[in-house]
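Here the structure is a predicted model, which is why all the values come from computation and not from measurement. Per chain, numbering begins at 1; letters A, B, ... match sequence-line order.
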Number of protein chains: 2
Amino acid sequence: MTNEQTILIVDDEAAIRDMIGIALDTAGFSSMTAETALEAHVNIVDRKPDLVLLDWMLPGGSGIELARRLKREELTADIPIIMLTAKTSEDNKVQGLDVGVDDYVTKPFSPRELVARIKAVLRRSTGNLRDKPIRVFDLELDPASHRVTLNDHAVDMGPTEYRLLNFFMTHPEKVFSRDHIQDQVWGANVYLEERTVDVHIGRLRKALTSASGPGINYSGLIQTVRGAGYRFSTRAD
Amino acid sequence: MTNEQTILIVDDEAAIRDMIGIALDTAGFSSMTAETALEAHVNIVDRKPDLVLLDWMLPGGSGIELARRLKREELTADIPIIMLTAKTSEDNKVQGLDVGVDDYVTKPFSPRELVARIKAVLRRSTGNLRDKPIRVFDLELDPASHRVTLNDHAVDMGPTEYRLLNFFMTHPEKVFSRDHIQDQVWGANVYLEERTVDVHIGRLRKALTSASGPGINYSGLIQTVRGAGYRFSTRAD
DNA sequence: GTAAAATGTCATGAAAATGTAATATTTCAT
DNA sequence: ATGAAATATTACATTTTCATGACATTTTAC
């Protein structure tokens, strides 16, 4: 499947994980699972799911702790979280939403309800921030259509170069080390040669160059910072 | 580098401690070791390592206990912990690990994977906070973008000159001996000719001069203190 | 399945940065 | 003024870092 969204299910009961997994599968999502907060955290950092279903009542009360932590760290703060809980207490809700959790589903729930909530949250979170096109001069990256255009002409590049450019355009005027770029673009704990980043930077520059007209060359936006990494900047190098 | 990061290895097997120690050394970390949870705790409080590698199978199950304790105490809660676990023998016990540990690695692991995970965790925990730009008149050094500007024009300099200027701008109005500058800019355990500092001072001054307009020359901020060293000062020499 | 596209690694050469030594200049006490 | 000491500047060999093209392999589209 082309662009299936991935949901991470975090629950210590296998029966619940299976049930949810089947429901998600039916609804056209792919899913992965974790039993513990630790396992979940590693999975999230490594594989960046589109949404996390998180059981409130994980052993050791670590569900809420994990949620707080995910929202605190920049790398994971954008990933929507739906909390699952058996309790209907208002306290929990307040506490959970306070942490920045996106929604809240109480057990027992129907698969249909769960799927509906998931879709709603995904729609909301992708609709707000990530769907807005980013524009720098005549260079535009449109997440909705997954397209990059320069002077309204499509810029041809591979998926990795797209993610790279997307990361740069959403984090302008900052240096990033090759390691950091790997974390953001490839996912943490993917072991690549450091130079691989260079190669993709080169490919991105080339794509921008061949799309640039005779005027300014947009590849100049991707700047090499010797000894430090790379930087996306509109200012002269 | 200015601050070499220190990793504490906590494992009861000497062979594993040695192996990890060598791997870390190769990767440019310095390391210290502890055999028992008690010894580890003393080391941590005493010497504040940047990260702890903790075997959870310490005698008496004290590895988990130590992790829990470290995360509970405010003084040590911010120190990242990576758990070393044997093969997932008893999943039930693994759940007890949900104490806020940052990552885990299952034995046997490759040194490469371990180092990559350590770097990733360190990036996540320390990379978030970034320093604010420092400005002196029209000279600005911005750590986030790793850039020096003078009247909004980029000042071109090498990495060493950047570190040098960064050190001076964060420690203005004080004289520093060449030795002290070496420690701060090159690192404590690097031996250089004393005159090397002079050369880099010269390069920094030159960079500032060629970026300065016809008005005041910013290289005057880097002042020679005969017989003592150098000083960064906004006051006339 | 097959062809095209994408990906990651390596080798190579170019460019930049670095540290040292040699030489030039400045400073200061006398 | 003069010479010694301290610092500045220059030149250069070496090392480090980066860009790029080639290539084998994997993934994707059809």
Side-chain angles (χ1 to χ4, degrees), chain A residues 1-4 30 146-148 154-166 175-179 181-183 185-187 189-210 217 219-231 237, chain B residues 1-2 28 112 116 146-148 154-166 175-183 185-187 189-210 217 219-232 237:
Chain A
M1 303 289 172
T2 329
N3 252 341
E4 209 169 48
S30 79
H146 212 265
R147 271 251 180 97
V148 179
V155 183
D156 186 44
M157 64 179 72
T160 304
E161 284 72 45
Y162 174 85
R163 291 200 306 276
L164 194 53
L165 182 61
N166 183 54
V175 228
F176 296 98
S177 68
R178 291 172 174 74
D179 279 344
I181 292 172
Q182 282 192 17
D183 280 359
V185 175
W186 279 265
N189 300 318
V190 174
Y191 313 123
L192 298 172
E193 288 298 316
E194 283 237 316
R195 295 279 143 238
T196 299
V197 175
D198 297 39
V199 173
H200 282 277
I201 291 275
R203 285 169 182 159
L204 176 55
R205 281 174 173 157
K206 195 149 115 186
L208 291 173
T209 298
S210 44
N217 186 336
S219 75
L221 296 176
I222 317 276
Q223 300 172 353
T224 302
V225 184
R226 279 213 161 230
Y230 295 96
R231 168 180 61 205
D237 202 356
Chain B
M1 286 299 167
T2 315
R112 188 182 185 197
H146 204 273
R147 191 181 337 228
V148 179
V155 183
D156 187 43
M157 64 179 72
T160 303
E161 285 73 45
Y162 176 88
R163 292 200 306 275
L164 194 53
L165 181 61
N166 184 51
V175 211
F176 296 99
S177 69
R178 291 173 174 74
D179 273 346
H180 197 268
I181 292 173
Q182 281 193 17
D183 283 355
V185 175
W186 277 266
N189 41 20
V190 178
Y191 173 76
L192 296 171
E193 289 296 319
E194 280 233 320
R195 295 282 136 231
T196 299
V197 175
D198 297 38
V199 172
H200 282 278
I201 291 276
R203 285 170 182 159
L204 177 54
R205 282 173 172 156
K206 192 151 113 186
L208 290 174
T209 298
S210 44
N217 186 335
S219 75
L221 296 176
I222 316 275
Q223 301 171 353
T224 302
V225 182
R226 202 180 163 80
Y230 296 95
R231 170 181 59 205
F232 183 88
D237 202 355

> Reading DNA chain C in the 5' to 3' direction, which nucleotide is the first one with an atom under 4.0 Å from a heavy atom of chain B, and which is the last?
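The footprint of chain B covers C:dA17 to C:dC28.
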> Could you tell me which non-hydrogen atom of A:Asp237 sits nearest to which non-hydrogen atom of A:Thr224, and how far apart they are?
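For A:Asp237 versus A:Thr224, the nearest heavy atoms are OD2-O, 4.2 Å.
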> Would you say B:Arg231's side chain and B:Val225's backbone share a donor-acceptor pair under 3.5 angstrom?
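No, because the side chain of B:Arg231 does not come within donor-acceptor range (under 3.5 Å) of the backbone of B:Val225.
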> Select base, sugar-phosphate, or nothing to describe what B:Arg203 touches, counting heavy atoms under 4.0 Å on all strands.
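Since a base atom lies under 4.0 Å of B:Arg203, the category is base.
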> What closest approach, in Å, do A:Arg163 and A:Val185 show between heavy atoms, and which atom pair accounts for it?
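Shortest heavy-atom contact: NE-O, 3.0 Å.
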> For D:dA8, take OP1 and OP2 only and decide whether either is under 4.0 Å from a side-chain N or O of B:Tyr230.
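Answer yes for this pair, as a side-chain N or O of B:Tyr230 is under 4.0 Å from OP1 or OP2.
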> Can you find a side-chain donor-acceptor pair between A:Asn217 and A:Ser219 that sits under 3.5 Å?
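Their side chains do contain a donor-acceptor pair, which is all the 3.5 Å distance test asks for.
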> Compute the angle between the rotation axes at the two ends of the helix from C:dG1-D:dC30 to C:dT30-D:dA1, each taken over five pairs, rounded to 10 degrees.
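Comparing the axis at each end, I get an angle of 40°.
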> CD of B:Glu161 versus C1' of D:dT16: gap in Å, rounded?
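After rounding, the reported distance stands at 14 Å.
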> Report which part of the nucleic acid A:Val190 touches: base, sugar-phosphate, or nothing (heavy-atom distance under 4.0 Å, all strands).
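Result for A:Val190 = nothing.
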> What I'd like to find out is whether the side chain of A:Ile222 reaches to under 4.5 Å of the side chain of A:Leu208, using heavy atoms alone.
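The answer is yes, as the side chains (C-beta and beyond) meet within the 4.5 Å cut-off.
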> If you pin B:Arg226 and A:Gly202 to their nearest nucleotides in DNA chain D, which one's is more 5'?
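Nearest-nucleotide comparison on DNA chain D picks B:Arg226.
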> For a quick test of reading the model, state the closest non-hydrogen atom pair linking A:Gly229 to A:Arg178 and the distance between them.
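Minimum heavy-atom contact is CA-NH1, 4.1 Å.
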> Starting at atom CZ of A:Arg205, determine the distance to atom C1' of D:dG21, rounded to an integer number of angstrom.
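After rounding, the gap between these two atoms is 16 Å.
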> For atom CG of B:Asp156, is the number of surrounding heavy atoms from other residues, nucleotides or ligands below 6.0 Å larger than 12?
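Open.
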> A:Ile201 has an atom CD1; how far is it from atom P of D:dC18, in whole Å?
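Distance, rounded to whole Å: 11 Å.
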> Examine D:dA19: is either OP1 or OP2 under 4.0 Å from a nitrogen or oxygen in the side chain of A:Thr224? Give yes or no.
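So the side-chain polar atoms of A:Thr224 do come within 4.0 Å of the phosphate oxygens OP1 or OP2 of D:dA19, strictly under.
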> Find the distance B:Leu204:CG to D:dA8:P and express it as a whole number of Å.
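Roughly 12 Å, once rounded to whole Å.
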> When you compare the side chains of B:Arg147 and B:Tyr162, does any donor N or O come within less than 3.5 Å of an acceptor on the partner?
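There is no such pair between these side chains.
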> Output yes when at least one side-chain N/O atom of B:Arg178 is less than 4.0 Å from OP1 or OP2 of D:dA6, else no.
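Answer no for this pair, as no side-chain N or O of B:Arg178 is under 4.0 Å from OP1 or OP2.
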> Specify the separation, in whole Å, of atom CD of B:Glu193 and atom P of D:dA11.
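That distance rounds to 21 Å.
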> Whole angstroms only, please: what is the CG-C1' distance between B:Asp198 and D:dA5?
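Taking CG of B:Asp198 and C1' of D:dA5, I get 13 Å after rounding.
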> What closest approach, in Å, do B:Gln182 and B:Val190 show between heavy atoms, and which atom pair accounts for it?
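Minimum heavy-atom separation between B:Gln182 and B:Val190: OE1-O, 4.0 Å.
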> Can you tell me how far C1' of D:dA19 sits from CD of A:Gln223, to the nearest Å?
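Roughly 16 Å, once rounded to whole Å.
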